[in-house]
Amino acid sequence: MPQQHPRRRTRAALALTLSLSAGLALTGAASHAAPAPTGPPLSSCIPAPEAPLHEMRGVWIASVANIDWPSQPGLSPEEAQAELEAWYDEALASGLNSVVVQVRPTADTFWPSELEPSSAWLTGEQGADFGGWDPMEFAVEEAHARGLDFHAWFNPYRVTLTGTDPTALAEDHPARVNPDWTVAYGGKLYYDPGVPAVREHTTAVIMEAVERYDIDGVHFDDYFYPYPVAGEEFPDDASFAAYGDGFSDRGDWRRDNVNQLIEGLHQQIEAAKPHVAFGVSPFAVWRNAGTDPEGSDTTAGAQTYDDLYADTRLWVQQEWLDYVLPQVYWAIGFEPAAYDVLVPWWSEQVDGTDVALWIGQATYKVGTSTQSPEWSDPQEMVRHLDLNEDYPQVTGDVYFSAKDVRANRLDHWPLLQQAHYANPALPPALNPGTTEEVETPTGLRTARTAEGTRLSWSHAGDDAGFAVYRVDDARGPGRVDCDDLDADSLVAVLGDGDTDWVDPEGDKHDVYVVTALSRDNTQSPASKPKRGR
(Lines give C-alpha, C1' and ligand atoms only; values in the text may rest on other atoms or scores of the structure.)
Protein backbone atom coordinates (compact mmCIF):
# COMPACT_ATOMS: atom_id res chain seq x y z
CA MET A 1 0.00 0.00 0.00
CA PRO A 2 1.20 3.56 -0.65
CA GLN A 3 2.71 5.28 2.38
CA GLN A 4 1.75 8.69 3.72
CA HIS A 5 3.92 11.39 2.16
CA PRO A 6 6.26 12.90 4.79
CA ARG A 7 5.49 16.40 3.52
CA ARG A 8 1.97 15.98 4.80
CA ARG A 9 3.24 15.05 8.24
CA THR A 10 5.53 18.09 8.22
CA ARG A 11 2.74 20.46 7.27
CA ALA A 12 0.37 19.01 9.82
CA ALA A 13 2.99 19.38 12.54
CA LEU A 14 3.57 22.98 11.49
CA ALA A 15 -0.15 23.73 11.69
CA LEU A 16 -0.42 22.27 15.16
CA THR A 17 2.53 24.34 16.32
CA LEU A 18 0.98 27.51 14.94
CA SER A 19 -2.37 26.64 16.49
CA LEU A 20 -0.79 26.34 19.95
CA SER A 21 -3.16 24.54 22.29
CA ALA A 22 -6.26 25.53 20.36
CA GLY A 23 -6.89 23.98 16.96
CA LEU A 24 -7.48 20.31 16.66
CA ALA A 25 -6.60 19.55 20.27
CA LEU A 26 -9.76 21.36 21.34
CA THR A 27 -11.94 18.99 19.33
CA GLY A 28 -10.68 15.69 20.71
CA ALA A 29 -12.77 12.73 21.80
CA ALA A 30 -14.11 14.46 24.90
CA SER A 31 -15.50 17.38 22.94
CA HIS A 32 -17.65 15.06 20.83
CA ALA A 33 -19.27 13.64 23.91
CA ALA A 34 -20.39 17.05 25.23
CA PRO A 35 -20.49 19.90 22.68
CA ALA A 36 -18.75 22.99 23.98
CA PRO A 37 -19.77 26.54 23.09
CA THR A 38 -17.94 28.29 20.31
CA GLY A 39 -15.64 31.17 21.18
CA PRO A 40 -12.04 32.29 21.15
CA PRO A 41 -10.53 28.79 20.68
CA LEU A 42 -11.74 28.59 17.05
CA SER A 43 -10.12 31.92 16.27
CA SER A 44 -6.78 30.37 17.20
CA CYS A 45 -7.28 27.54 14.72
CA ILE A 46 -5.08 27.48 11.62
CA PRO A 47 -6.00 24.69 9.17
CA ALA A 48 -3.03 22.56 8.20
CA PRO A 49 -1.55 23.52 4.79
CA GLU A 50 -1.82 20.04 3.29
CA ALA A 51 -3.80 18.05 0.73
CA PRO A 52 -6.63 17.65 0.02
CA LEU A 53 -7.51 21.11 1.35
CA HIS A 54 -4.50 22.47 -0.57
CA GLU A 55 -4.25 20.79 -3.95
CA MET A 56 -2.68 21.76 -7.26
CA ARG A 57 -5.33 22.13 -9.96
CA GLY A 58 -3.52 23.84 -12.78
CA VAL A 59 -3.53 24.50 -16.50
CA TRP A 60 -0.68 25.26 -18.87
CA ILE A 61 -1.20 28.42 -20.93
CA ALA A 62 1.35 28.15 -23.74
CA SER A 63 2.59 31.16 -25.68
CA VAL A 64 5.08 29.51 -28.07
CA ALA A 65 3.60 29.27 -31.58
CA ASN A 66 0.58 31.07 -30.07
CA ILE A 67 -0.81 27.75 -28.86
CA ASP A 68 -3.04 29.35 -26.22
CA TRP A 69 -2.22 32.96 -25.46
CA PRO A 70 -1.96 35.30 -27.21
CA SER A 71 -3.98 33.84 -30.07
CA GLN A 72 -1.74 35.62 -32.56
CA PRO A 73 1.22 37.98 -32.52
CA GLY A 74 0.75 41.71 -32.55
CA LEU A 75 -2.56 42.02 -30.72
CA SER A 76 -3.30 45.37 -29.14
CA PRO A 77 -2.78 45.53 -25.36
CA GLU A 78 -6.54 45.59 -24.89
CA GLU A 79 -7.03 42.49 -27.05
CA ALA A 80 -4.23 40.56 -25.38
CA GLN A 81 -5.49 41.49 -21.92
CA ALA A 82 -9.05 40.44 -22.71
CA GLU A 83 -7.86 37.07 -24.03
CA LEU A 84 -5.83 36.36 -20.91
CA GLU A 85 -8.66 37.35 -18.60
CA ALA A 86 -10.93 34.96 -20.48
CA TRP A 87 -8.45 32.12 -19.95
CA TYR A 88 -8.32 32.91 -16.24
CA ASP A 89 -12.10 33.05 -15.93
CA GLU A 90 -12.39 29.71 -17.71
CA ALA A 91 -9.81 28.19 -15.37
CA LEU A 92 -11.92 29.24 -12.38
CA ALA A 93 -15.13 27.97 -13.96
CA SER A 94 -13.35 24.64 -14.61
CA GLY A 95 -12.55 24.20 -10.93
CA LEU A 96 -8.85 25.06 -11.24
CA ASN A 97 -6.76 27.21 -8.89
CA SER A 98 -3.45 27.80 -10.69
CA VAL A 99 -2.15 28.90 -14.08
CA VAL A 100 1.23 28.03 -15.57
CA VAL A 101 1.89 30.79 -18.11
CA GLN A 102 4.75 30.60 -20.60
CA VAL A 103 6.68 33.86 -20.29
CA ARG A 104 10.03 33.03 -21.92
CA PRO A 105 9.29 30.75 -24.89
CA THR A 106 12.28 31.35 -27.20
CA ALA A 107 14.87 33.28 -25.19
CA ASP A 108 12.59 36.32 -25.35
CA THR A 109 10.37 37.68 -22.64
CA PHE A 110 6.84 38.69 -21.74
CA TRP A 111 8.13 41.50 -19.55
CA PRO A 112 10.33 44.55 -20.24
CA SER A 113 13.62 42.81 -19.52
CA GLU A 114 17.03 44.40 -19.31
CA LEU A 115 18.58 41.12 -20.44
CA GLU A 116 16.53 39.81 -23.37
CA PRO A 117 14.21 41.29 -26.02
CA SER A 118 10.45 41.22 -25.93
CA SER A 119 8.84 38.10 -27.37
CA ALA A 120 7.68 38.12 -30.96
CA TRP A 121 4.88 35.73 -30.02
CA LEU A 122 3.29 38.69 -28.22
CA THR A 123 4.52 41.85 -29.91
CA GLY A 124 4.73 40.53 -33.47
CA GLU A 125 8.37 41.55 -33.72
CA GLN A 126 11.09 40.45 -31.34
CA GLY A 127 12.36 43.43 -29.37
CA ALA A 128 9.38 45.66 -30.18
CA ASP A 129 7.82 47.85 -27.52
CA PHE A 130 4.96 46.33 -25.54
CA GLY A 131 2.79 49.34 -26.22
CA GLY A 132 2.57 50.91 -22.81
CA TRP A 133 1.89 47.90 -20.61
CA ASP A 134 3.83 45.25 -18.73
CA PRO A 135 2.32 41.88 -19.70
CA MET A 136 3.89 40.01 -16.78
CA GLU A 137 2.67 42.51 -14.23
CA PHE A 138 -0.84 42.36 -15.68
CA ALA A 139 -0.80 38.56 -15.83
CA VAL A 140 0.26 38.16 -12.21
CA GLU A 141 -2.10 40.77 -10.80
CA GLU A 142 -5.13 39.46 -12.69
CA ALA A 143 -4.39 35.91 -11.56
CA HIS A 144 -4.15 36.94 -7.93
CA ALA A 145 -7.29 39.07 -8.23
CA ARG A 146 -9.12 35.82 -9.00
CA GLY A 147 -7.45 33.72 -6.32
CA LEU A 148 -5.31 31.89 -8.88
CA ASP A 149 -1.64 31.09 -8.25
CA PHE A 150 0.68 32.24 -11.04
CA HIS A 151 3.57 29.99 -12.07
CA ALA A 152 5.94 31.59 -14.58
CA TRP A 153 7.01 29.07 -17.24
CA PHE A 154 10.49 29.46 -18.75
CA ASN A 155 12.28 27.51 -21.47
CA PRO A 156 15.98 27.52 -20.53
CA TYR A 157 17.79 26.80 -23.82
CA ARG A 158 15.58 27.20 -26.91
CA VAL A 159 16.40 30.28 -28.98
CA THR A 160 14.31 29.67 -32.11
CA LEU A 161 11.40 27.41 -32.96
CA THR A 162 12.36 27.31 -36.63
CA GLY A 163 15.48 28.45 -38.46
CA THR A 164 19.10 28.79 -37.43
CA ASP A 165 19.99 32.21 -38.82
CA PRO A 166 21.02 34.45 -35.88
CA THR A 167 20.43 37.58 -37.96
CA ALA A 168 16.70 36.83 -37.72
CA LEU A 169 16.91 37.61 -34.01
CA ALA A 170 16.59 41.08 -32.54
CA GLU A 171 19.81 43.01 -33.06
CA ASP A 172 20.64 43.10 -29.35
CA HIS A 173 19.59 39.50 -28.64
CA PRO A 174 22.26 37.84 -26.45
CA ALA A 175 22.36 34.86 -28.81
CA ARG A 176 23.24 37.20 -31.67
CA VAL A 177 25.72 39.25 -29.65
CA ASN A 178 27.38 36.07 -28.33
CA PRO A 179 27.38 33.56 -31.21
CA ASP A 180 29.69 31.24 -29.27
CA TRP A 181 26.79 30.62 -26.85
CA THR A 182 24.66 28.94 -29.52
CA VAL A 183 24.54 25.82 -31.66
CA ALA A 184 22.30 24.85 -34.56
CA TYR A 185 20.58 21.49 -34.26
CA GLY A 186 17.55 19.97 -35.96
CA GLY A 187 16.76 23.17 -37.81
CA LYS A 188 16.64 25.24 -34.62
CA LEU A 189 19.00 27.45 -32.67
CA TYR A 190 19.80 26.58 -29.04
CA TYR A 191 21.87 27.99 -26.25
CA ASP A 192 24.61 25.45 -25.57
CA PRO A 193 24.09 24.13 -22.00
CA GLY A 194 27.82 23.36 -21.81
CA VAL A 195 28.83 27.04 -21.88
CA PRO A 196 28.99 28.43 -18.31
CA ALA A 197 27.98 31.90 -19.52
CA VAL A 198 24.74 30.42 -20.84
CA ARG A 199 23.91 29.01 -17.42
CA GLU A 200 24.68 32.34 -15.78
CA HIS A 201 22.62 34.27 -18.31
CA THR A 202 19.62 31.94 -18.13
CA THR A 203 19.63 32.10 -14.34
CA ALA A 204 19.92 35.89 -14.40
CA VAL A 205 16.92 36.23 -16.73
CA ILE A 206 14.76 34.04 -14.52
CA MET A 207 15.87 35.77 -11.34
CA GLU A 208 15.03 39.13 -12.90
CA ALA A 209 11.42 37.95 -13.12
CA VAL A 210 11.48 36.40 -9.64
CA GLU A 211 12.76 39.56 -8.01
CA ARG A 212 10.59 41.98 -9.99
CA TYR A 213 7.20 40.23 -9.90
CA ASP A 214 5.02 38.60 -7.28
CA ILE A 215 5.02 35.20 -8.97
CA ASP A 216 4.17 32.03 -7.05
CA GLY A 217 6.38 29.63 -8.95
CA VAL A 218 9.20 29.14 -11.44
CA HIS A 219 8.43 26.36 -13.90
CA PHE A 220 10.41 24.38 -16.49
CA ASP A 221 8.84 21.84 -18.82
CA ASP A 222 10.60 18.84 -20.42
CA TYR A 223 13.04 20.66 -22.73
CA PHE A 224 16.68 20.63 -21.63
CA TYR A 225 19.12 19.25 -24.16
CA PRO A 226 16.85 18.85 -27.19
CA TYR A 227 15.13 15.61 -28.07
CA PRO A 228 17.40 13.58 -30.39
CA VAL A 229 17.13 14.20 -34.11
CA ALA A 230 17.77 11.13 -36.26
CA GLY A 231 21.11 11.26 -38.03
CA GLU A 232 22.39 14.31 -36.13
CA GLU A 233 24.72 14.67 -33.17
CA PHE A 234 24.30 17.62 -30.87
CA PRO A 235 27.23 19.84 -31.93
CA ASP A 236 28.97 20.58 -28.63
CA ASP A 237 32.50 19.44 -29.48
CA ALA A 238 33.86 22.94 -28.88
CA SER A 239 32.24 23.42 -25.47
CA PHE A 240 33.17 19.90 -24.35
CA ALA A 241 36.80 20.57 -25.31
CA ALA A 242 36.74 23.91 -23.47
CA TYR A 243 34.78 22.97 -20.35
CA GLY A 244 34.70 19.19 -20.11
CA ASP A 245 37.80 18.66 -17.96
CA GLY A 246 37.30 15.85 -15.49
CA PHE A 247 34.66 14.05 -17.57
CA SER A 248 35.57 11.05 -19.70
CA ASP A 249 31.93 10.52 -20.67
CA ARG A 250 30.20 13.32 -22.53
CA GLY A 251 26.78 12.21 -21.29
CA ASP A 252 27.88 12.64 -17.68
CA TRP A 253 29.23 16.08 -18.53
CA ARG A 254 25.97 17.10 -20.19
CA ARG A 255 23.97 15.93 -17.20
CA ASP A 256 26.28 17.87 -14.91
CA ASN A 257 25.69 21.02 -16.95
CA VAL A 258 21.93 20.74 -16.44
CA ASN A 259 22.37 19.72 -12.79
CA GLN A 260 24.32 22.91 -12.15
CA LEU A 261 21.54 25.00 -13.67
CA ILE A 262 18.87 23.30 -11.55
CA GLU A 263 20.80 23.36 -8.28
CA GLY A 264 22.03 26.92 -8.73
CA LEU A 265 18.61 28.27 -9.65
CA HIS A 266 17.05 26.50 -6.68
CA GLN A 267 19.57 28.14 -4.36
CA GLN A 268 19.04 31.62 -5.80
CA ILE A 269 15.24 31.42 -5.66
CA GLU A 270 15.35 30.16 -2.09
CA ALA A 271 17.67 33.00 -1.09
CA ALA A 272 15.63 35.72 -2.80
CA LYS A 273 12.03 34.59 -2.22
CA PRO A 274 11.77 31.30 -0.36
CA HIS A 275 8.00 31.09 -0.81
CA VAL A 276 8.35 30.89 -4.61
CA ALA A 277 8.07 27.26 -5.68
CA PHE A 278 10.55 25.82 -8.19
CA GLY A 279 9.51 22.82 -10.21
CA VAL A 280 10.04 20.85 -13.39
CA SER A 281 7.61 18.96 -15.62
CA PRO A 282 9.75 16.28 -17.26
CA PHE A 283 8.96 13.64 -19.84
CA ALA A 284 7.64 11.00 -17.46
CA VAL A 285 10.17 8.24 -18.14
CA TRP A 286 13.44 8.84 -16.31
CA ARG A 287 14.86 5.51 -17.53
CA ASN A 288 13.27 2.24 -18.60
CA ALA A 289 13.88 -0.72 -16.30
CA GLY A 290 15.57 -2.46 -19.23
CA THR A 291 18.20 0.28 -19.17
CA ASP A 292 18.45 0.68 -15.40
CA PRO A 293 16.87 -1.55 -12.72
CA GLU A 294 15.95 1.63 -10.82
CA GLY A 295 13.85 2.80 -13.75
CA SER A 296 10.15 2.32 -14.45
CA ASP A 297 8.63 -0.82 -15.97
CA THR A 298 8.28 0.89 -19.32
CA THR A 299 9.71 0.60 -22.83
CA ALA A 300 9.46 4.24 -23.86
CA GLY A 301 11.38 5.42 -26.91
CA ALA A 302 12.87 8.37 -25.00
CA GLN A 303 14.48 8.55 -21.56
CA THR A 304 15.17 11.86 -19.89
CA TYR A 305 18.44 10.69 -18.34
CA ASP A 306 19.92 9.38 -21.59
CA ASP A 307 18.35 11.58 -24.27
CA LEU A 308 17.68 14.96 -22.65
CA TYR A 309 20.51 14.66 -20.10
CA ALA A 310 18.07 15.60 -17.35
CA ASP A 311 18.60 13.49 -14.24
CA THR A 312 15.19 14.26 -12.83
CA ARG A 313 15.37 11.48 -10.23
CA LEU A 314 18.55 13.01 -8.81
CA TRP A 315 16.88 16.41 -8.58
CA VAL A 316 14.14 14.88 -6.46
CA GLN A 317 16.59 12.99 -4.26
CA GLN A 318 18.66 16.13 -3.69
CA GLU A 319 15.50 18.21 -3.13
CA TRP A 320 16.60 20.81 -5.66
CA LEU A 321 12.91 21.05 -6.60
CA ASP A 322 9.85 21.99 -4.60
CA TYR A 323 7.69 19.89 -6.90
CA VAL A 324 8.06 17.48 -9.79
CA LEU A 325 5.29 17.33 -12.40
CA PRO A 326 5.93 14.36 -14.74
CA GLN A 327 4.04 14.46 -18.02
CA VAL A 328 2.26 11.12 -17.70
CA TYR A 329 0.66 11.52 -21.08
CA TRP A 330 -0.46 7.92 -21.60
CA ALA A 331 -3.59 5.95 -20.86
CA ILE A 332 -4.06 3.44 -18.08
CA GLY A 333 -2.85 0.10 -19.41
CA PHE A 334 -0.87 1.54 -22.34
CA GLU A 335 1.84 -1.10 -22.53
CA PRO A 336 4.97 0.91 -23.49
CA ALA A 337 4.39 3.51 -20.74
CA ALA A 338 1.24 3.00 -18.70
CA TYR A 339 -0.26 5.70 -16.50
CA ASP A 340 -0.85 3.11 -13.79
CA VAL A 341 2.84 2.12 -13.89
CA LEU A 342 4.36 5.60 -13.89
CA VAL A 343 2.27 7.20 -11.14
CA PRO A 344 3.34 4.52 -8.60
CA TRP A 345 6.96 4.82 -9.78
CA TRP A 346 7.02 8.58 -9.27
CA SER A 347 5.26 8.19 -5.93
CA GLU A 348 8.14 5.99 -4.80
CA GLN A 349 10.69 8.57 -5.96
CA VAL A 350 9.24 11.44 -3.91
CA ASP A 351 8.51 9.30 -0.86
CA GLY A 352 10.84 10.31 1.97
CA THR A 353 11.65 13.66 0.33
CA ASP A 354 10.18 17.14 0.69
CA VAL A 355 9.30 17.29 -3.01
CA ALA A 356 5.62 17.45 -3.95
CA LEU A 357 4.30 15.26 -6.77
CA TRP A 358 1.78 16.59 -9.27
CA ILE A 359 0.81 14.80 -12.48
CA GLY A 360 0.79 16.32 -15.96
CA GLN A 361 -2.40 15.29 -17.77
CA ALA A 362 -2.73 14.97 -21.55
CA THR A 363 -6.02 16.77 -22.09
CA TYR A 364 -4.97 17.28 -25.69
CA LYS A 365 -5.30 13.53 -26.33
CA VAL A 366 -8.93 13.22 -25.23
CA GLY A 367 -11.02 12.48 -28.31
CA THR A 368 -8.06 13.03 -30.66
CA SER A 369 -5.41 10.38 -30.00
CA THR A 370 -5.26 7.21 -32.05
CA GLN A 371 -2.41 5.99 -29.87
CA SER A 372 -4.71 3.91 -27.69
CA PRO A 373 -8.51 3.46 -27.68
CA GLU A 374 -8.85 4.62 -24.06
CA TRP A 375 -8.64 8.26 -25.19
CA SER A 376 -11.99 7.79 -26.97
CA ASP A 377 -13.65 7.21 -23.60
CA PRO A 378 -14.68 10.43 -21.80
CA GLN A 379 -14.11 8.66 -18.47
CA GLU A 380 -10.37 8.06 -19.05
CA MET A 381 -9.29 11.28 -17.36
CA VAL A 382 -11.65 10.62 -14.46
CA ARG A 383 -9.99 7.24 -13.99
CA HIS A 384 -6.60 8.95 -13.87
CA LEU A 385 -7.64 11.06 -10.90
CA ASP A 386 -9.36 8.06 -9.32
CA LEU A 387 -6.05 6.19 -9.45
CA ASN A 388 -4.17 9.19 -8.04
CA GLU A 389 -6.28 8.95 -4.89
CA ASP A 390 -4.62 5.61 -4.13
CA TYR A 391 -1.27 7.42 -3.83
CA PRO A 392 -1.20 10.11 -1.12
CA GLN A 393 2.10 11.37 -2.51
CA VAL A 394 0.11 12.80 -5.47
CA THR A 395 -1.24 16.19 -4.45
CA GLY A 396 -2.48 17.64 -7.72
CA ASP A 397 -2.67 17.72 -11.49
CA VAL A 398 -1.94 20.16 -14.33
CA TYR A 399 -3.62 19.95 -17.75
CA PHE A 400 -2.10 20.56 -21.17
CA SER A 401 -3.24 22.84 -22.46
CA ALA A 402 -5.78 25.62 -21.94
CA LYS A 403 -7.28 25.34 -25.42
CA ASP A 404 -7.91 21.63 -24.85
CA VAL A 405 -9.67 22.24 -21.55
CA ARG A 406 -11.76 24.80 -23.42
CA ALA A 407 -12.49 22.33 -26.25
CA ASN A 408 -14.00 19.84 -23.77
CA ARG A 409 -13.93 17.04 -26.33
CA LEU A 410 -16.27 14.13 -25.62
CA ASP A 411 -17.80 16.36 -22.90
CA HIS A 412 -15.21 14.86 -20.58
CA TRP A 413 -14.52 17.89 -18.41
CA PRO A 414 -17.90 18.08 -16.62
CA LEU A 415 -17.46 14.41 -15.72
CA LEU A 416 -14.03 15.12 -14.24
CA GLN A 417 -15.22 18.24 -12.48
CA GLN A 418 -18.23 16.52 -10.94
CA ALA A 419 -16.16 13.56 -9.76
CA HIS A 420 -13.12 15.43 -8.41
CA TYR A 421 -13.57 19.21 -8.46
CA ALA A 422 -17.08 19.65 -7.07
CA ASN A 423 -15.59 21.74 -4.25
CA PRO A 424 -12.83 24.31 -4.63
CA ALA A 425 -9.31 23.71 -3.28
CA LEU A 426 -6.70 26.11 -2.03
CA PRO A 427 -3.49 26.35 -4.06
CA PRO A 428 -0.56 24.34 -2.67
CA ALA A 429 1.47 25.67 0.24
CA LEU A 430 4.86 24.15 -0.56
CA ASN A 431 6.95 26.46 1.60
CA PRO A 432 4.78 27.32 4.62
CA GLY A 433 5.98 29.93 7.04
CA THR A 434 8.19 31.77 4.55
CA THR A 435 6.09 34.93 4.25
CA GLU A 436 4.53 37.24 6.80
CA GLU A 437 1.41 35.98 8.53
CA VAL A 438 -1.78 37.82 7.67
CA GLU A 439 -4.40 39.17 10.03
CA THR A 440 -7.56 37.27 10.87
CA PRO A 441 -10.69 38.51 9.08
CA THR A 442 -12.98 40.37 11.47
CA GLY A 443 -16.58 41.53 11.61
CA LEU A 444 -18.00 38.67 9.55
CA ARG A 445 -21.59 39.55 8.60
CA THR A 446 -24.30 37.63 6.77
CA ALA A 447 -27.46 38.85 5.05
CA ARG A 448 -30.15 37.14 3.02
CA THR A 449 -30.52 38.38 -0.56
CA ALA A 450 -32.35 37.23 -3.66
CA GLU A 451 -29.10 35.67 -4.89
CA GLY A 452 -28.37 33.80 -1.66
CA THR A 453 -26.51 34.44 1.58
CA ARG A 454 -24.24 37.44 1.30
CA LEU A 455 -21.10 37.42 3.42
CA SER A 456 -18.90 40.42 4.11
CA TRP A 457 -16.01 41.04 6.47
CA SER A 458 -13.17 43.40 7.26
CA HIS A 459 -9.46 42.78 6.95
CA ALA A 460 -6.47 44.81 8.07
CA GLY A 461 -3.13 45.04 6.34
CA ASP A 462 -2.12 44.40 2.76
CA ASP A 463 -4.36 42.73 0.22
CA ALA A 464 -4.84 39.02 0.82
CA GLY A 465 -6.90 36.23 -0.62
CA PHE A 466 -9.55 34.49 1.47
CA ALA A 467 -10.98 31.04 2.09
CA VAL A 468 -14.66 30.69 2.98
CA TYR A 469 -15.98 27.66 4.85
CA ARG A 470 -19.62 26.63 5.27
CA VAL A 471 -20.50 24.20 8.07
CA ASP A 472 -23.93 22.77 8.86
CA ASP A 473 -24.92 23.59 12.43
CA ALA A 474 -26.49 20.20 13.16
CA ARG A 475 -24.40 19.86 16.33
CA GLY A 476 -25.84 23.00 17.82
CA PRO A 477 -26.43 26.68 17.02
CA GLY A 478 -23.26 28.29 15.75
CA ARG A 479 -21.12 25.27 16.65
CA VAL A 480 -17.93 24.97 14.58
CA ASP A 481 -14.76 23.10 15.50
CA CYS A 482 -11.32 23.42 13.97
CA ASP A 483 -11.54 20.08 12.24
CA ASP A 484 -14.68 21.27 10.43
CA LEU A 485 -12.47 23.54 8.33
CA ASP A 486 -11.53 20.99 5.69
CA ALA A 487 -11.77 20.26 1.98
CA ASP A 488 -15.43 19.27 2.26
CA SER A 489 -16.53 22.53 3.91
CA LEU A 490 -14.46 24.89 1.73
CA VAL A 491 -16.92 26.69 -0.56
CA ALA A 492 -14.94 29.60 -1.99
CA VAL A 493 -11.38 30.79 -2.64
CA LEU A 494 -11.32 34.53 -3.28
CA GLY A 495 -8.74 36.82 -4.80
CA ASP A 496 -6.73 39.63 -3.28
CA GLY A 497 -8.90 42.19 -1.54
CA ASP A 498 -12.25 40.41 -2.07
CA THR A 499 -14.05 40.91 1.25
CA ASP A 500 -17.55 39.91 0.24
CA TRP A 501 -19.10 36.86 -1.40
CA VAL A 502 -22.58 35.52 -2.12
CA ASP A 503 -23.31 31.86 -1.40
CA PRO A 504 -26.15 30.81 -3.70
CA GLU A 505 -26.66 27.56 -1.76
CA GLY A 506 -26.50 28.84 1.82
CA ASP A 507 -29.37 28.89 4.26
CA LYS A 508 -30.08 29.74 7.89
CA HIS A 509 -28.82 26.35 9.08
CA ASP A 510 -25.28 27.07 7.90
CA VAL A 511 -22.38 28.56 9.83
CA TYR A 512 -19.62 30.45 8.01
CA VAL A 513 -15.96 30.93 8.85
CA VAL A 514 -13.38 32.92 6.83
CA THR A 515 -9.57 32.79 6.85
CA ALA A 516 -7.11 35.06 5.06
CA LEU A 517 -4.37 33.66 2.83
CA SER A 518 -0.74 34.72 3.05
CA ARG A 519 1.44 34.84 -0.03
CA ASP A 520 2.83 31.38 0.79
CA ASN A 521 -0.79 30.09 0.77
CA THR A 522 -0.96 29.36 4.49
CA GLN A 523 -4.04 30.56 6.30
CA SER A 524 -4.63 33.02 9.11
CA PRO A 525 -6.44 31.96 12.26
CA ALA A 526 -10.13 31.53 11.57
CA SER A 527 -12.65 34.32 11.97
CA LYS A 528 -15.41 34.06 14.53
CA PRO A 529 -18.21 31.92 13.09
CA LYS A 530 -21.39 33.54 11.84
CA ARG A 531 -24.80 31.98 11.23
CA GLY A 532 -26.38 32.26 7.81
CA ARG A 533 -29.59 34.17 7.14
Side-chain angles (χ1 to χ4, degrees), residues 104 106-107 154-160 164 166 174-175 178-207 218 220-269 278-296 300-321 324 326 349 355:
R104 188 197 187 232
T106 45
F154 304 86
N155 188 286
Y157 300 125
R158 183 175 57 208
V159 177
T160 64
T164 60
N178 303 281
D180 56 322
W181 290 7
T182 65
V183 293
Y185 179 69
K188 302 177 183 180
L189 202 61
Y190 294 93
Y191 281 132
D192 183 349
V195 177
V198 164
R199 180 170 59 251
E200 295 167 5
H201 171 75
T202 300
T203 301
V205 171
I206 294 169
M207 290 307 301
V218 168
F220 284 169
D221 56 18
D222 53 321
Y223 292 105
F224 294 97
Y225 277 83
Y227 282 88
V229 175
E232 286 191 50
E233 292 291 331
F234 189 76
D236 57 359
D237 287 348
S239 55
F240 184 52
Y243 307 111
D245 286 350
F247 289 91
S248 58
D249 182 88
R250 191 175 305 201
D252 289 341
W253 171 72
R254 288 174 176 172
R255 277 182 287 275
D256 184 67
N257 293 330
V258 184
N259 289 346
Q260 289 187 62
L261 174 70
I262 297 297
E263 182 182 17
L265 186 56
H266 160 74
Q267 292 172 345
Q268 291 203 32
I269 294 170
F278 177 40
V280 173
S281 180
F283 180 79
V285 176
W286 171 72
R287 300 187 96 182
N288 296 315
T291 305
D292 187 324
E294 297 297 321
S296 52
Q303 302 170 96
T304 60
Y305 181 94
D306 302 273
D307 297 314
L308 307 179
Y309 303 97
D311 193 352
T312 51
R313 183 171 179 260
L314 176 70
W315 305 344
V316 170
Q317 293 171 336
Q318 296 297 318
E319 298 185 353
W320 294 338
L321 306 176
V324 64
Q349 306 317 305
V355 178

Test of understanding: with side chain to side chain donor-acceptor pair (under 3.5 Å), list the residues that count as partners of [X], not counting sequence neighbours.
X    : value
T203 : none
D307 : none
T202 : none
Q303 : T291

Item to complete: Examine F224 together with W315 and report whether their ring centres are nearer than 6.0 Å.
Response: yes
Partners of [X] by salt bridge (Lys or Arg N to Asp or Glu O under 4.0 Å), sequence neighbours excluded?
X    : answer
R287 : D292, D306
D252 : R255
E294 : R313

For [X] versus [Y], what's the shortest heavy-atom pair and its separation?
X    : Y    : result
V316 : V355 : O-CG2, 3.7 Å
G194 : P196 : O-CD, 3.4 Å
V195 : Y243 : CA-CE1, 4.2 Å
L261 : P156 : CD2-CB, 4.0 Å

Given side chains that start at C-beta, do those of [X] and [Y] come closer than 4.5 Å, heavy atoms only?
X    : Y    : answer
Y185 : P235 : yes
I269 : M207 : yes
F220 : L321 : no

Just verifying a value: how many Å separate [X] [atom1] and [Y] [atom2], rounded to the nearest 0.5 Å?
X    : Y    : atom1 : atom2 : result
Q317 : D311 : CD    : CG    : 7.5 Å
F283 : T304 : CZ    : OG1   : 8.0 Å
F234 : Y309 : CZ    : OH    : 9.5 Å
L314 : E319 : CG    : CD    : 11.5 Å
N155 : T106 : CG    : OG1   : 8.5 Å

Fill in: side chain to side chain contact (heavy atoms under 4.5 Å, CB included) partners for D256, two or more places apart
F247, Q260
Worksheet item: With sequence neighbours excluded, what pairs up with A184 under the side chain to side chain contact (heavy atoms under 4.5 Å, CB included) test?
Response: T164, L189
Item to complete: Return the orientation label for the F240 and W253 ring planes: parallel under 30°, perpendicular over 60°, tilted otherwise.
Response: tilted
Worksheet, complete the sentence: The ring-ring contact (aromatic ring centres under 6.0 Å, His included) partners of H201 (sequence neighbours excluded) come to W181, Y191
Worksheet item: Step by step, would you call L265 with F154 a side chain to side chain contact (heavy atoms under 4.5 Å, CB included)?
Response: CA-CA 12 Å; L265 186 56; F154 304 86; over 6 Å; no
Practice prompt. Hey, could you give me each pair passing salt bridge (Lys or Arg N to Asp or Glu O under 4.0 Å) that has a residue in residues 227-247? Not counting sequence neighbours.
Written response: D236-R250, D236-R254, D237-R250
Worksheet entry | Residue pairs involving residues 221-231 (criterion side-chain hydrogen bond (donor to acceptor under 3.5 Å, both in side chains); sequence neighbours excluded) | W153-D221, D222-Y227, D222-Q327, Y225-N257
